[in-house]
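What follows is one structure encoded as structure tokens, with my remarks underneath.
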Amino acid sequence: MVGNELHLNVEMLIGHGQAGPDDDRPSQSKLSLPAPIDPRLGEILVCPKTKGALEYNASENELISRRAGLAFPIRDGIPMMLVDSARPVD
């Protein structure tokens, strides 16, 4: 515990694959396409830096914290809510 916040390390294994019983050809992966995300996540999640609200930017597929001036990317439908993963916004 740090103040009133719980800080901990988390490990995740996220995988994606597809196999066909009679198909030896590599399948076309959909990983390069942005996965759809529920825009209400911006109302549920908060910026890890400011604890403030986020807004969903569908054209860039990211969650934006105007207060922090950061945009958090969404990869394969998963918001990357790490300050180190965010890009600065004007």
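If you're wondering where the values come from, they're calculated on a predicted model, not measured in any experiment. Hydrogens, waters and symmetry mates are skipped; everything else that's a heavy atom, side chains included, is used.
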Given the rule in the side-chain contact (heavy atoms from CB on, under 4.5 Å) test, do Ile78 and Arg75 qualify, once you have shown the distances and angles that lead to the verdict? CA-CA 5 Å; Ile78 302 166; Arg75 297 189 186 120; 5.8 Å; no
Apply side-chain contact (heavy atoms from CB on, under 4.5 Å) to residues Leu45 and Leu63 and explain how you reach the verdict. CA-CA 9 Å; Leu45 297 174; Leu63 292 169; 3.8 Å; yes
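For residues 81-90, every residue pair satisfying the salt bridge (Lys or Arg N to Asp or Glu O under 4.0 Å) rule, not counting sequence neighbours, is listed here: Glu62-Arg87.
When the salt bridge (Lys or Arg N to Asp or Glu O under 4.0 Å) test is applied to Arg67, no partner is found at least two apart in sequence or on another chain. Residues satisfying the side-chain contact (heavy atoms from CB on, under 4.5 Å) test with Ala68, not counting sequence neighbours, are Cys47, Lys49, Thr50, Ser65, Leu70.
With a 4.5 Å cut-off on side-chain heavy atoms, Ile74 and Tyr56 count as touching. Looking only at side-chain heavy atoms (C-beta outward), Val46 and Met81 stay at 4.5 Å or farther from each other.
Clustering of Ile, Leu, Val, Met, Phe, Trp and Tyr side chains at separations under 4.5 Å leaves Leu82 isolated, with no partner residue.
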